[in-house]
Amino acid sequence: MPKDNTEYIRMLQKQRTRAKAQAVKYTPATITLQVIGNGGGTEPRSVFLITDHSNYLFNCGEGSQRLAAEHHVKLTKIENIFVTRPVWKNMGGLPGFALTIQDTGVPSLRLHGAPGIGDLIESTKNFIVLHQLELLEADTTKDFTDHAMNITYVPLKDPKRTESDDTTIAEIMLDNVNYYDYVFNSNGKRARPSREDRKLMKTTGRVTDIMCYICKLHPKAGALDFEKCLALGIGAGPHLGRLKAGEDVTMPDGKFIKSSDVVSSASPGPIVIVLECPDEDWIDVVTSNAAFSKYQESTVKDDTVSCIVHFTPDDVLNNPRYQDWMRKFGPTTEHLIINEKNVGVASEAMHKMQHQLHLIHPTIFPLFKDVEYNNPVNEGLPGSSIESNSNDEPDQKTETNAEHQTSGTASPNGLILRRCQTGNAFNLRPHDGFQPNIVELTPKKYIQDALEIDGFLDSLADLQTRVNAQEKLLADAPEYPKLVMLGTGSSIPNKVRNTSGILLQFAEDKSMILDCGESTAAQITRAFGKSESERIFKTIKAVYVSHLHADHHLGLIGILKERGKYCDEPVFLLAPHQIIGYLDFYHNRFEPIRDWIKLVSNRDILLNQPILASSTEKDLYEALDVASISTTFVAHCSYAYGVAITMKDGRKICYSGDTMPSDNLVKLGDNSFLLIHEATMEDGLENEALTKRHSTISQAINAGVKTNSEFTLLTHFSQRYSKLPVLPSNADLSQVGISYDFMKVSLSKLSLLPLFYPSLNILFTEFRALLDERAMKRELSKEWVKKAT
């Protein structure tokens, strides 16, 4: 985190502290359980408990922060995150979430879960810099209580754990470099860390236990009946507050007033249970736990459970023993299912963008596959008999039908089971119960909105003519090599641009990934559909990480986990060698991943200085079917690299990673067929680009000129350019393209991309006008400063 944010964050923290001190005096009047990620397909596993004053997050899979922002869940109100089971699908979004929360001014974040859960963040502290956020691991030996609720922790011991698992000690040497600390010495040169900047961490066994949560919301105080007060002759004064607080009072005239005479009865606090039973081996551990027995078939009304959130797979849900246990909570308890079998749509923004870009070019901007506009949300649940229409082709599907999307059914065995979707909610106060809200897609409207933009239809007609002419010249061009852009934004993901990620397909069965920000695995599944993505993951032979900033590699473990479902073969990991401490730590502390990796240090394949073992080099090049791969240091953070991949036909693809203008990169990319270059800032923001060690768009285009590249593809745009970057009006753009998430383009058809500019400028006219207005204000501000000085 750049230091220039420090004072701003401190100001936000002070404002938050003042507001919170006032708010927590009152019990929340509204409380809702909100599904942000249902765990299915491309969605994370994440459920929020939202109150007037604070929000609470249960599990935080990759992409949780992105969806929370799109669905307007206030991150500024989150100070507690609860993890059921310490696996990547439940906590892969934690590091990015912590960075985002820090920037909102939240002073501290408490992690709740099995002891040791906080070690995940501890192992990432070199690339997740939390100067302004205190990260704490909750004490789970006693209940958690605040102004909203009381949470009882229910620890579940791993039934497969052995004594050796608890005594195995591993010593891991972790990198201790702050990759965000851009320090300059008196000569203007950046200070580089020494090899001594390392730290030793010891781990004692893997954290495999599960933590469940029984959440008892505080009762809502009764309301003061002013009409009764008037009837009893009680006027304005401090006695009203005392009566409302439950205190009996004696009036000045000697009349004794009971609080119960003028205040309605308090509303009991509902109960929510959040649990996970990951497989059938855990069923007995869950069902025999005495902590849950109190709430099963209880005759005490206050002990009735309103709903249970199950982060539990279908094979467990369908097990008769588990169903018998669920049934004991009574017929009114509703069971919300968060697992991989769920379907539905989580983000409208990316679908809208893709439908509109599809009008520009249908194959370079293809529609998503396997999108369920009308889907049977209860398929596979006990007692469900709804048939699936999941084999429909995308162009045969209609707009979302809320009736089909309504989650939940009362099955014949007496259980109310609800397959959840993003948007589903359970209102706990007022107690309205389940709300079948969903994310609705309206493709016809997205297209109509675009076509109604003045001049857009005419521009499409002209574009089609020019594209047809160009494609005739490319009629016999090969499909591969091919680029699939998975993340084209920088730093923090927004609704339509994920953080860095590129799939480079050399052939139908050979590919590699260039950088992998959070949710890159999900982006692959979105881009190809579930069935096709299984094949794609098998084709990935290497993953390249340019540097150890979080937005370039937080998706790595997710890729390893997803690829590991379909392929046992290890993947070549080309990365700064410092990454291995973090991966070893995760392997020893949480889940086994190390056997899926063959590390190749970026330093071992430096241009003109390679020291990689010849046998490893041979295996790597054969796996990808390329002639060579070389790296170079670039001007960004410590151990930041650019890479060049030369194919067997002699064509070279150079990828900058993150960098300022770099002479090293110019040498590496000399005579490239394609230069993929970061273009974070627009022209006019050179000082900001320098501070953050990035390039402006003109600097990126100039790098293409200096390297004599046949084509330059711009990516890694600041999130302020979500729809369209500001391209310089005086630049030659005939060999320059801009990238969007989910863009698929063969190298042989890169020449089509510059043809899109006129139509893109019209499609995003309003957005471009906003950017122009901001640029004008900056210039006016500069002029004002000059005059003032």
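Heavy atoms only: backbone and side chains are in, while hydrogens, waters and symmetry mates are out.
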Notebook entry, point to check: Do H549 and D658 have a side chain donor and acceptor closer than 3.5 Å?
Noted result: no

Notebook entry, point to check: Does E534 come within less than 4.0 Å of K565, counting only side-chain N to carboxylate O?
Noted result: no

Notebook entry, point to check: Angle class for the Y655/Y544 ring planes (parallel below 30°, perpendicular above 60°, tilted otherwise)?
Noted result: perpendicular

Note to self: Test your reading of the model: is there a side-chain donor-acceptor pair from Y641 to the backbone of A575, 3.5 Å cut-off?
What the structure shows: no

Next item on the list: Using distance alone, with no hydrogens and no angle criterion, decide if T539 and S511 have a side-chain donor and acceptor under 3.5 Å apart.
Entry: yes

Margin query: Could you check whether any side-chain N or O of N90 sits under 3.5 Å from a backbone N or O of V83, counting only pairs where one atom can act as donor and the other as acceptor?
Written below: no

Next item on the list: Verify whether one side chain among E562 and Y566 offers a donor that lies under 3.5 Å from an acceptor in the other.
Entry: yes

Next item on the list: Using distance alone, with no hydrogens and no angle criterion, decide if T659 and H636 have a side-chain donor and acceptor under 3.5 Å apart.
Entry: no

Check: Should R45 and E276 count as an ion pair when the cut-off is N to O under 4.0 Å?
Finding: yes

Check: Would I605 and L574 count as a side-chain contact (heavy atoms from CB on, under 4.5 Å) if you check the C-alpha gap in whole Å, the side-chain angles of each, and the deciding distance to 0.1 Å?
Finding: CA-CA 9 Å; I605 51 176; L574 286 61; 4.0 Å; yes

Check: Hey, does the side chain of D515 reach the backbone of S546 with a donor-acceptor pair shorter than 3.5 angstrom?
Finding: yes

Margin query: Is a donor from one side chain sitting under 3.5 angstrom from an acceptor on the other, for D158 and T208?
Written below: yes

Margin query: Tell me whether the count of non-hydrogen atoms from other residues, nucleotides or ligands lying under 6.0 Å of CG in D568 goes above 12.
Written below: no

Item checked: Side-chain (D551) to main-chain (T499) donor-acceptor, under 3.5 angstrom -> no

Checklist line | Proximity of H553 and F127 rings by center, below 6.0 Å | finding: yes

Note to self: Any salt bridge linking R589 with D119? Criterion: basic side-chain nitrogen under 4.0 Å from a carboxylate oxygen.
What the structure shows: yes

Margin query: Looking at R66 and E518, is there a salt bridge between them, counting it only when a charged N and a carboxylate O are closer than 4.0 Å?
Written below: no

Item checked: Heavy-atom closest pair, residues A98 and L133 -> O-CD2, 3.5 Å

Margin query: I want to check something: taking the side chain as every heavy atom from C-beta on, are L130 and I121 in contact at a cut-off of under 4.5 Å?
Written below: yes

Next item on the list: Return yes if a side-chain donor-acceptor contact under 3.5 Å exists between R419 and N339, otherwise no.
Entry: yes

